[in-house]
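Below is one structure, written out as C-alpha cells; comments come after it.
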2 protein chains.
Amino acid sequence: MMYESFKLFARVLSNRTRFDIVMLLMEREMSVLELCDALGYEQSRVSHNLRCLLNCGFVEVERRGKRRIYRLNGEIKELISKIKNHIQLYESWLRECGILREEGIAKVMVE
Amino acid sequence: MMYESFKLFARVLSNRTRFDIVMLLMEREMSVLELCDALGYEQSRVSHNLRCLLNCGFVEVERRGKRRIYRLNGEIKELISKIKNHIQLYESWLRECGILREEGIAKVMVE
DNA sequence: ACATCATATGACGCATTTATCATATATAGT
DNA sequence: ACTATATATGATAAATGCGTCATATGATGT
C-alpha cells in the first residue's frame with residue numbers, strides 16, 4: 001500500500017506533543033515524569049501520547065521500580081534520523097518560497 | 001523549528017486524496033479531469049485538494065485552453081522520491097511487527 | 001493495611017479535517 | 001450572446017484528533 005504506512009508515520013509525528021517526546025527520546029531513554037518536566041506538559045497528556053507511540057511501535061517500555069522508562073525503538077530512530085536531513089532541506093526551501101513563516105502554519109488544510 | 005515543516009509535509013500527504021494525486025503527478029502532469037478519471041474521485045474533491053497542494057507549494061498550474069494542467073514541483077518530487085525508499089523499509093518492518101494489517105489502520109490516534 | 005508516588009485510563013468538549021452538494025467563474029465554440 | 005465544458009469555491013455535516021479533568025491502578029515504604 002505505501003499510503004497506510006506513510007500515514008501512520010506522518011500522523012504520529014505531526015502532533016506537537018508526540019514530536020517533542022520523540023525528539024527527546026532520540027537522545028536518551030526517559031521516564032514519564034522526566035518527559036513532563038523537560039517539556040512542561042501535563043502528565044496525562046504525556047501518558048496518552050506515549051500510549052499512542054507504544055501502539056504504533058515507536059517506543060518500548062521497561063518497568064523500573066515505580067517508574068516506567070520509555071525508549072525509542074531502534075528502527076524508528078534510524079528512520080527518523082535519515083528523514084531528518086531531508087526535512088531540513090525542505091524547511092529552507094519552504095522559507096525561500098515564503099510558505100513557512102515565523103508563526104508557523106495554524107491550519108494546514110483550510111483553503 | 002523543524003516541527004512546523006514536518007507537520008506541513010506530513011499533513012499534506014497523510015490524506016488519501018492528496019496522496020493519490022501526488023503519486024500520479026510523480027509520473028506526469030495532468031489536468032483536473034484526467035486526475036478525476038484516473039482516481040475515480042469527484043471533481044470538487046480533486047479541486048479542493050489541488051488548491052491545498054498549491055497553497056503548500058506541492059504543485060504548479062498552467063492554463064491550457066479550458067484546462068488547467070497541474071504538475072508536481074521539482075523540489076517536492078525529489079524529496080518524495082528520497083523519502084519513498086525509507087518508507088518502504090518502514091512498511092516491511094510494520095508488517096513484521098503486526099502493526100500494519102491488510103485493512104490498514106482505521107484510527108491512528110485512538111487508544 | 002495504609003499512604004504516597006508514578007503512571008494509566010475514561011469521559012468530555014472543542015477544534016480540525018474532509019467529503020459532498022450546490023453554485024460560481026472562466027474559456028471556447030457556434 | 002448563448003451554450004457547453006472545465007474548473008474553482010462556499011457552506012455544511014460527519015468524523016476524528018487532542019488536551020484536560022477526574023479517577024483508577026500499581027508499586028514502594030512504613
Side-chain angles (χ1 to χ4, degrees), chain A residues 3-4 6-22 24-25 29-56 58-71 104-111, chain B residues 3-4 7-22 25 29-56 58-71 104-111:
Chain A
Y3 167 66
E4 293 296 340
F6 179 80
K7 179 178 168 185
L8 185 62
F9 184 77
R11 291 273 168 107
V12 167
L13 285 183
S14 63
N15 164 271
R16 172 65 87 176
T17 310
R18 289 188 293 271
F19 186 89
D20 287 347
I21 291 176
V22 166
L24 279 182
L25 295 183
E29 54 181 33
M30 289 174 97
S31 74
V32 179
L33 262 200
E34 281 180 306
L35 286 167
C36 289
D37 288 349
L39 295 171
Y41 295 151
E42 222 197 332
Q43 179 263 319
S44 72
R45 176 175 174 183
V46 171
S47 276
H48 275 303
N49 283 290
L50 281 170
R51 152 77 36 209
C52 168
L53 289 169
L54 198 58
N55 290 341
C56 298
F58 272 60
V59 299
E60 294 149 9
V61 212
E62 177 197 342
R63 177 139 235 153
R64 208 172 290 169
K66 279 187 263 192
R67 319 199 149 188
R68 291 196 190 186
I69 308 297
Y70 285 86
R71 106 176 55 80
I105 316 110
K107 302 180 184 178
V108 178
M109 296 314 148
V110 175
E111 297 130 48
Chain B
Y3 167 66
E4 294 296 340
K7 179 178 170 185
L8 185 61
F9 184 78
R11 292 271 170 107
V12 167
L13 285 181
S14 61
N15 164 271
R16 171 67 86 178
T17 311
R18 287 188 294 272
F19 186 89
D20 288 348
I21 291 176
V22 167
L25 296 183
E29 56 181 32
M30 290 173 96
S31 74
V32 178
L33 262 200
E34 281 180 305
L35 285 167
C36 291
D37 289 349
L39 296 171
Y41 296 150
E42 222 197 335
Q43 179 262 317
S44 72
R45 177 175 173 183
V46 171
S47 276
H48 275 303
N49 283 290
L50 281 170
R51 152 73 41 206
C52 168
L53 289 169
L54 198 58
N55 290 341
C56 299
F58 272 61
V59 300
E60 294 150 9
V61 211
E62 176 197 342
R63 177 138 235 152
R64 209 172 289 169
K66 278 187 263 191
R67 321 199 147 189
R68 290 198 191 184
I69 308 298
Y70 285 86
R71 106 177 56 79
I105 315 109
K107 301 179 186 178
V108 179
M109 297 313 147
V110 174
E111 299 130 47

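Because the structure is predicted, anything quoted here is derived from the model rather than measured. Order of the sequence lines fixes the chain letters, A, B, ..., with proteins taken first and strands second; residue numbering starts at 1 for each chain.
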Can you check the A/Y70 OH to C/dT7 C1' distance for me, whole Å?
7 Å

Could you list the residues that satisfy side-chain contact (heavy atoms from CB on, under 4.5 Å) with B/R68, not counting sequence neighbours?
B/V61, B/R63, B/Y70

Are B/C36 and B/E42 side-chain neighbours, meaning at least one heavy-atom pair lies under 4.5 Å?
no

Do A/R71 and A/L25 have side-chain heavy atoms sitting under 4.5 Å apart?
no

B/V32 side chain: which of D/dC18, C/dT7, D/dT7 is closest?
D/dT7

Can B/Y3 and A/D20 be counted as having a side-chain donor-acceptor contact under 3.5 angstrom?
no

Separation of C/dT18 atom P from B/I21 atom CD1, nearest Å, is 12 Å

Atom pairs, protein N/O to nucleotides 20-23 of chain C N/O, distance under 3.5 Å:
residue, atom, partner, partner atom, Å
C/dT20, OP2, B/E42, OE1, 3.4
C/dT20, O4, B/H48, NE2, 3.4
C/dC21, N4, B/S44, OG, 3.0

Counting only side-chain N and O atoms of A/Y41, is one of them less than 4.0 Å from OP1 or OP2 of D/dC18?
no

So, does B/N49 get its side chain near the phosphate of C/dA19, meaning an N or O under 4.0 Å from OP1 or OP2?
yes

C/dA8 C1' sits how many Å from A/L54 CG, rounded?
12 Å

Send over the distance from A/R51 CZ to D/dC18 C1', rounded to a whole Å.
17 Å

Closest approach of A/V59 and A/L50, non-hydrogen atoms and distance?
CG2-O, 4.2 Å

Within the 4.0 Å limit for protein heavy atoms, which parts of nucleotides 25-30 of chain D are touched? Write it as a string from 5' to 3', B for base, S for sugar-phosphate only, - for none.
--SS--

I want to check a possible cation-pi pair here: B/R45 against B/Y41, using under 6.0 Å from ring centre and within 45° of the ring axis as the test.
yes

Could you work out, with salt bridge (charged side-chain N to carboxylate O under 4.0 Å, His left out) as the rule, every residue matching A/R64, not counting sequence neighbours?
A/E29, A/E62

To the nearest Å, give me how far apart CG (A/L39) and P (D/dG19) are.
12 Å

Tell me, please, which residues at least two apart from B/Q43 pass side chain to side chain donor-acceptor pair (under 3.5 Å).
B/S47

Separation of C/dT9 atom P from A/L50 atom CG, nearest Å, is 11 Å

Whole-Å distance, B/L13 CG to C/dT17 P, equals 15 Å

Residue B/R18, side-chain atoms from C-beta onward, closest of C/dT18, D/dC18, C/dT7:
C/dT18

At less than 4.0 Å, is any side-chain N or O atom of A/R67 found next to OP1 or OP2 of C/dT7? Yes or no.
no

Residue list, side-chain contact (heavy atoms from CB on, under 4.5 Å) with B/S14, at least two apart or on another chain
A/K7, A/A10, A/R11

Expressed as a whole number of angstroms, how long is the span from B/L53:CG to D/dA8:C1'?
15 Å

